[in-house]
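Since the structure comes first, as structure tokens, the remarks are kept for the end.
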Amino acid sequence: MPGFELFGAEEKKEVNDVLETGIYMRYGFDGPRKGIWKAKELEQALCERFNVKFAQLTSSGTTALTTAMAALGLGAGDEIIMPTFTFVASFEAVLSVGATPVLVDVDDTLTLAPEAVKAAITPKTKAIMPVHMCGSMADLDALMAICKEHNLLLLEDACQSTGATYKGRALGSIGHAGTFSFDFVKTITCAEGGAIITNDEDVYTKCDAYSDHGHDHLGGADRGADGHPFLGYNFRISELHAAVGLAQIRKLDKFLAILRNNKEVLKNALSEVPDVTFRRIPDPEGDSCTHLTFFLPDLDTARAATKAIKTAGLPAFHWFDNNWHYFRKWDHLKAVSTLTPYAAPLAEALAKYKTKEFPASDAVIGRCISFPISLAWTDEELRDRAAKLAAAVKSVL
Ligand SMILES: *Cc1c(COP(=O)(O)O)cnc(C)c1O
């Protein structure tokens, strides 16, 4: 899965450029930085690689989501439809702008079920946020059609799927805005970092200012001369982090080729096991192949298979029992447990999750296992893992 597995001379060189000037901040210091602008360079590289007009780097994928939501005008009283299966950052960002997360079922794509989305729309709904989990994508044609019909915004959380595509277009570039995470375990990494991509200049201009205390960046070399059209926060990335990401994005195609090859070998091995089925991928060619995700016949066999895979010394994510990614374990969200109180309407809207059940999601996530795919395996290690994975799963069926 993660780009950190292939750190090398390229990352060192980019970081060294910054160390040599001693200018670690992405704005200002025009003279001493001697023409080194790693964050700007990485934003340009993101635009080129993902074929979008604008990219804004941030300090993390979480702050990229928060910034995108602010730039799209999402806030108090607005409902954002999102899946029951995602990383907690997705709803953290919704809550951080004061909006209301409306959780809906996932289907065998492991992300938003279009029918469940339709059923959840109310007059307060402002946006739909699919989360392209584990390297692959939501059914974007269906979701875009719903957005069009109901005049809603589409914000793609593509934090786990940098480099994946849908019908030839980069995930993240299809909705009104999309976000990536470059945290340490993502497909490409800055160590910590994130980005928003968009083709909407107004959204971009707002992201640019919001992520830097509202600075409009029109004051030239003098930051003190910038205007502040609205409030913002410090969600800036540093030059050091951007430098790491610059080396990584240049290797993205190499990473994708390795991941796709490895996934094919693993999938072929597991296809031999009767009763195993695979995640539905709306555009298989666009899968970034960070994971091989498959289904067992029921919850019990999935639990047993997870145990068998781990006993064989391999990793396996059975999301149903995992603390981070599935609704069932989001106790802090269900308990509305926060350090600072939410506005009363938001707290009331969240209270229903204390007892709410998602049987349709349970039926998918309970049976599902994701096997993370490494960039660093040798051919022999890959073949060994494929054989062990298939044998472990077979042993419980
Ligand atoms: C990693 C991740 C994020 C947040 O990214 P950070 O850079 O860790 O803040 C958001 N959404 C999803 C789906 C993620 O996996």
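Numbering of ligands and ligand atoms starts at 1, following listing order. The shown structure was predicted, so the numbers you read here are calculated from the model rather than taken from an experiment.
Close approach of ligand 1 to S181 is summarised as follows: ligand atoms under 4.0 Å from at least one heavy atom of the residue are 1 (C), 5 (O), 6 (P), 7 (O), 8 (O). The ligand atoms of ligand 1 that sit less than 4.0 angstrom from a heavy atom of C159 are 2 (C), 3 (C), 10 (C), 11 (N), 12 (C), 14 (C). If you number the atoms of ligand 1 from 1 as listed, the ones under 4.0 Å from a heavy atom of S60 come out as 7 (O), 9 (O). Against a heavy-atom cut-off of under 4.0 Å, G61 is close to the following atoms of ligand 1: 4 (C), 5 (O), 6 (P), 7 (O), 9 (O).
Nearest to atom 9 (O) of ligand 1 among the protein's heavy atoms is T62 OG1, 2.5 Å. When hydrogens are left out, the protein atom nearest atom 11 (N) of ligand 1 is D157 OD2, 2.9 Å; that is the closest non-hydrogen contact. In terms of protein heavy-atom proximity, atom 8 (O) of ligand 1 is nearest to D183 OD2, 2.6 Å. What sits closest to atom 1 (C) of ligand 1 on the protein, heavy atoms only, is K186 NZ, 1.7 Å.
Judged by the 6.0 Å and 45° rule, R236 forms no cation-pi pair with Y27. F87 carries K186 over the face of its six-membered ring, with the cationic atom under 6.0 Å from the centre and within 45° of the normal. Judged by the 6.0 Å distance and 45° axis criteria, R33 is positioned over the aromatic ring of W37.
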D212 and H215: CA distance, side-chain angles, deciding distance, side chain to side chain donor-acceptor pair (under 3.5 Å) verdict:
CA-CA 6 Å; D212 184 24; H215 278 262; 4.5 Å; no
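The proximity of A89 to ligand 1, defined as any non-hydrogen pair under 4.0 Å, is limited to the side chain. No part of E192 comes within 4.0 Å of ligand 1, judged by heavy-atom distances.
Within the 4.0 Å heavy-atom cutoff, H132 does not count among the residues contacting ligand 1.
At least one donor-acceptor pair closer than 3.5 Å links the side chain of E5 to the backbone N or O of L375. With hydrogens and angles disregarded, no donor-acceptor distance shorter than 3.5 Å links the side chain of T179 to the backbone of G61.
Nearest to atom 13 (C) of ligand 1 by heavy atom, out of T111, L65, V131, V88, is V131.
A tilted orientation is assigned to the rings of F184 and F7, their planes being inclined by 30° to 60°. Ring geometry, F358 versus F327: the interplanar angle exceeds 60°, so the pair is classed perpendicular (tilted spans 30 to 60°).
If you look at F371 and F294, their ring centroids are not closer than 6.0 Å.
The N/O atoms of T86, backbone and side chain alike, include none that comes under 3.5 Å of an N/O atom in ligand 1.
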